[in-house]
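The structure that follows is given in the form of structure tokens.
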Amino acid sequence: MFSFFQKKVFLADYLHGLVDIHNHILPGIDDGAKTVDESIGLINGFKNLGVTNFICTPHIMHNYYPNTPETIKSSYDKLQAELDKQNMVSASLDFSAEHMIDDNFETILENGEIMPLKNDYLLVEMSYLQASFNFENAIEEIARHSYYPILAHPERYIYYHKKYDVYGHLKSRGIQFQLNFLSLSGYYGSEIQKIALKLLNDGFIDFCSSDVHNQKHLNAIKEIKVSSKTLKRILPIVEHTIKTFY
């Protein structure tokens, strides 16, 4: 007999070994962790989930978070020094950035001031209010510079929800999609959860990550429950993320 009540499991129980490629745990340079102690707290919290590998991705956002390779490296060095001091050898950190496609993006791309993931990938985002007017051209420029674009949390761009075909168009342009775990829980709202699950079920998601900014986010990730069907969809993406970025 068909049951409408599928057993749900905690997603956090299946994240062991994940390389978290999108997070805001570097201290003091964007809307993520404010201090080294907050960063250490997040790293320790992830350790309890079996997640010890991080590529830190602070925002590069013109006029809001005008980070540069130098400011990001400085924050990373400060955090790494404290990890070394506390002998936290199990934590492995690298650094990159989450690049806003804004009116300054193509300038920093051309000047070599972008921060790729593992040399080949570039994590990009748009405003939650409207699509970047120069997005299509920026994608062409990213490809011209021999990077693979990864669009952060595509499920959170509400202006695409009623234009779902846009997602297929973006995929056809070679853009890869990174899903936020919290989107699966309804943390950002039921409509975003609905689109996250649809993108997942339609095979559009390439990578997954925490996008954690603070302890509240981490606590919410620990509470995410998913159906067996969703778990079956997400586990290969977890594995693909590990294989690509470990």
| Would you say the side-chain atoms of S172 pair up with the backbone N or O of H169, donor to acceptor, closer than 3.5 Å? |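 Pair found, side chain donor or acceptor close to backbone of H169.
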Full working for side chain to side chain contact (heavy atoms under 4.5 Å, CB included) between H62 and M100: CA-CA 8 Å; H62 193 45; M100 175 64 73; over 6 Å; no
From I114 atom CD1 to L117 atom CG, the distance as rounded to the nearest 0.5 Å:
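Reported to 0.5 Å precision, the distance equals 10.0 Å.
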Next item on the list: Using the rule that two of Ile, Leu, Val, Met, Phe, Trp, Tyr join whenever any of their side-chain heavy atoms come within less than 4.5 Å, decide whether I101 and Y121 are in one cluster.
Entry: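 Yes; tracing contacts between hydrophobic side chains, which count when under 4.5 Å, links both residues.
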Exercise. Which atom names give the shortest non-hydrogen contact between Y159 and A131, and what distance separates them?
Worked result: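 It is CZ-N, 3.3 Å.
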Which atom pair, heavy atoms only, marks the closest approach of L26 to S39?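 Answer, listing the atom of L26 first, then S39: C-OG, 4.0 Å.
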Review point. L42 versus N23: any side-chain heavy-atom pair under 4.5 Å?
Key: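 SC-SC contact between L42 and N23 ruled out.
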Working to the nearest 0.5 angstrom, can you tell me the gap between I55 CD1 and S96 OG?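 OG of S96 is found 7.0 Å from CD1 of I55.
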Q: Treat each ILVMFWY residue as a node, draw an edge where side-chain heavy atoms are under 4.5 Å apart, and state whether V166 and Y128 are in one component.
A: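 In one cluster with V166: Y128, yes.
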Review point. Considering only heavy atoms from C-beta outward, does the side chain of N137 approach that of E106 to under 4.5 Å?
Key: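 Yes, at least one pair of side-chain atoms sits under 4.5 Å.
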Note to self: With rounding to the nearest 0.5 angstrom, report the CD1 to OG1 distance, I150 to T244.
What the structure shows: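 Rounded to the nearest 0.5 Å, the CD1-OG1 separation comes out at 8.0 Å.
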Does a side-chain heavy-atom distance below 4.5 Å link I142 with F105?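 Yes, side chains in contact.
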Counterpart residues, ring-ring contact (aromatic ring centres under 6.0 Å, His included), relative to Y164 (two or more places apart):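 Expected list: Y167.
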- Message: side chain to side chain contact (heavy atoms under 4.5 Å, CB included) for I234 and L11? Distances and angles first, verdict last.
- Response: CA-CA 9 Å; I234 198 72; L11 177 63; 3.9 Å; yes
Is there a donor-acceptor pair closer than 3.5 Å between any side-chain N or O of E38 and the backbone N or O of K34?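 Indeed, once roles are kept as given, a pair shorter than 3.5 Å links the two residues.
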Gap between atom NE2 of H213 and atom CG of L218 - 0.5 Å precision: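 Going from CG on L218 over to NE2 on H213, the span is 13.5 Å.
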* Asked: For the residue pair L179 and A196, what are the closest heavy atoms and their distance?
  ->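 Result for this residue pair: CD1-CB, 3.8 Å.
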*Determine yes or no for a side-chain-to-main-chain donor-acceptor pair under 3.5 angstrom, with D20 supplying the side chain and S209 the backbone.*
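Judged by distance alone, no pair lies under 3.5 Å.
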Counting distance only, does the side-chain N/O of S127 pair as donor-acceptor with the main-chain N or O of L129 below 3.5 Å?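 Flag set: sc S127 to bb L129 pair under 3.5 Å.
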Practice task
Answer yes or no: does atom OH of Y246 have more than 12 heavy-atom neighbours from other residues, nucleotides or ligands under 6.0 Å?
Solution key: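 Open.
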message: Are the side chains of T230 and S227 in contact, using a 4.5 Å heavy-atom criterion?
response: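 A side-chain contact under 4.5 Å exists here.
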Report yes or no: does D202 contribute a side-chain atom to a donor-acceptor pair with the main-chain N or O of F204 at less than 3.5 Å?
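Looks like no, no N/O pair under 3.5 Å.
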Side-chain contact test, heavy atoms from C-beta onward, threshold under 4.5 Å: evaluate it for L184 versus L197 and give yes or no.
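They are in side-chain contact.
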- Identify the heavy atoms of K118 and D94 that sit nearest to each other, and give their distance.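 Heavy atoms of K118 and D94 come nearest at NZ-OD2, 4.3 Å.
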Pairwise side-chain contact, I139 with I175, heavy-atom cut-off 4.5 Å (strictly under)
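A side-chain contact exists here, since the closest heavy-atom pair is under 4.5 Å.
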### Query
Which atoms form the tightest heavy-atom contact between D206 and T241, and what is the distance?
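D206 and T241 have their closest heavy atoms at O-OG1, 4.3 Å.
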Next item on the list: Start with the C-alpha distance between N111 and I108, add both sets of side-chain angles, then the distance that settles side chain to side chain contact (heavy atoms under 4.5 Å, CB included), and finish with yes or no.
Entry: CA-CA 5 Å; N111 292 341; I108 66 171; 5.6 Å; no
Review point. What residues form a ring-ring contact (aromatic ring centres under 6.0 Å, His included) with H240, not counting sequence neighbours?
Key: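 So H240 forms a ring-ring contact (aromatic ring centres under 6.0 Å, His included) with F207.
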Taking the side chain as every heavy atom from C-beta outward, state whether H22 and H153 have any pair of such atoms under 4.5 Å apart.
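Heavy-atom side-chain distance check passes, below 4.5 Å.
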Any donor-acceptor pair under 3.5 Å from S75 side chain to P27 backbone:
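Looks like yes, one N/O pair under 3.5 Å.
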Would you kindly confirm whether M115 and M61 end up in one hydrophobic cluster when ILVMFWY residues are joined by side chain heavy atoms under 4.5 Å apart?
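M115 and M61: separate clusters.
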Take E223 and N219 through the side chain to side chain donor-acceptor pair (under 3.5 Å) test and state the conclusion after the steps. CA-CA 7 Å; E223 296 302 316; N219 291 342; over 6 Å; no
From N214 CG over to H24 NE2, what is the distance, rounded to the nearest 0.5 angstrom?
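Answer for the CG-NE2 pair, N214 versus H24, is 10.5 Å.
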Hey, does N48 have a side-chain heavy atom less than 4.5 Å from the side chain of N44?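 No, their side chains stay 4.5 Å or more apart.
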Whether the side chain of N67 engages the backbone of I29 through a donor-acceptor N/O pair (distance < 3.5 Å, no angle test) should be reported.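 Flag set: sc N67 to bb I29 pair under 3.5 Å.
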Check the pair E70 / K73 against salt bridge (Lys or Arg N to Asp or Glu O under 4.0 Å), numbers first and verdict last.
CA-CA 5 Å; E70 290 74 26; K73 177 66 160 55; over 6 Å; no
Are I237 and I195 linked, directly or through intermediate hydrophobic residues, by side-chain heavy-atom contacts shorter than 4.5 Å (ILVMFWY only)?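 I195 clusters together with I237.
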Can you confirm whether K78 is buried at NZ, in the sense that more than 12 heavy atoms of other residues, nucleotides or ligands lie under 6.0 Å from that atom?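 Counting neighbours around NZ of K78, 12 or fewer heavy atoms of other residues, nucleotides or ligands fall under 6.0 Å, so no.
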* Would you say L109 and Y65 are hydrophobically clustered, going by side-chain heavy atoms of ILVMFWY under 4.5 Å? ->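 L109 and Y65: separate clusters.
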(Q) Once you measure the plane-to-plane angle for F54 and F46, does it fall in the parallel (<30°), tilted (30-60°) or perpendicular (>60°) bin? (A)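 Perpendicular, since the angle between the ring planes exceeds 60°.
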Does the Lys NZ or Arg CZ of K225 fall within the cation-pi geometry relative to F10 - under 6.0 Å from the ring centre and within 45° of the axis?
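Judged by the rule, K225 and F10 form a cation-pi pair.
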Go through the steps for T68 and I72 under the test side chain to side chain contact (heavy atoms under 4.5 Å, CB included), then give the verdict. CA-CA 6 Å; T68 65; I72 292 171; over 6 Å; no
Handout entry: Pairwise side-chain hydrogen bond (donor to acceptor under 3.5 Å, both in side chains) hits with a residue in residues 179-190, at least two apart
Key =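 Sorted result for residues 179-190: E155-S183, Q178-N180, N180-Y188, N180-D211.
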Could you tell me whether a side-chain N or O of H99 sits under 3.5 Å from a main-chain N or O of I60, the two making a donor and an acceptor?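 No: the side chain of H99 does not pair with the backbone of I60.
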Does the D30 side chain pair with the main chain of G32, one donor and one acceptor, at a distance under 3.5 Å?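 Yes.
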Taking all non-hydrogen atoms of both residues, which atom of E125 and which atom of A152 are closest, and how far apart?
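In terms of heavy atoms, the two residues are closest at CB-CB, 4.4 Å.
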Sidechain-backbone polar pair: Y157 side chain, M126 backbone, donor-acceptor under 3.5 Å:
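Yes: the side chain of Y157 pairs with the backbone of M126.
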Rounded to the nearest 0.5 Å, what separates atom CG in L182 from atom OG in S210?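 So the CG of L182 and the OG of S210 are separated by 8.0 Å.
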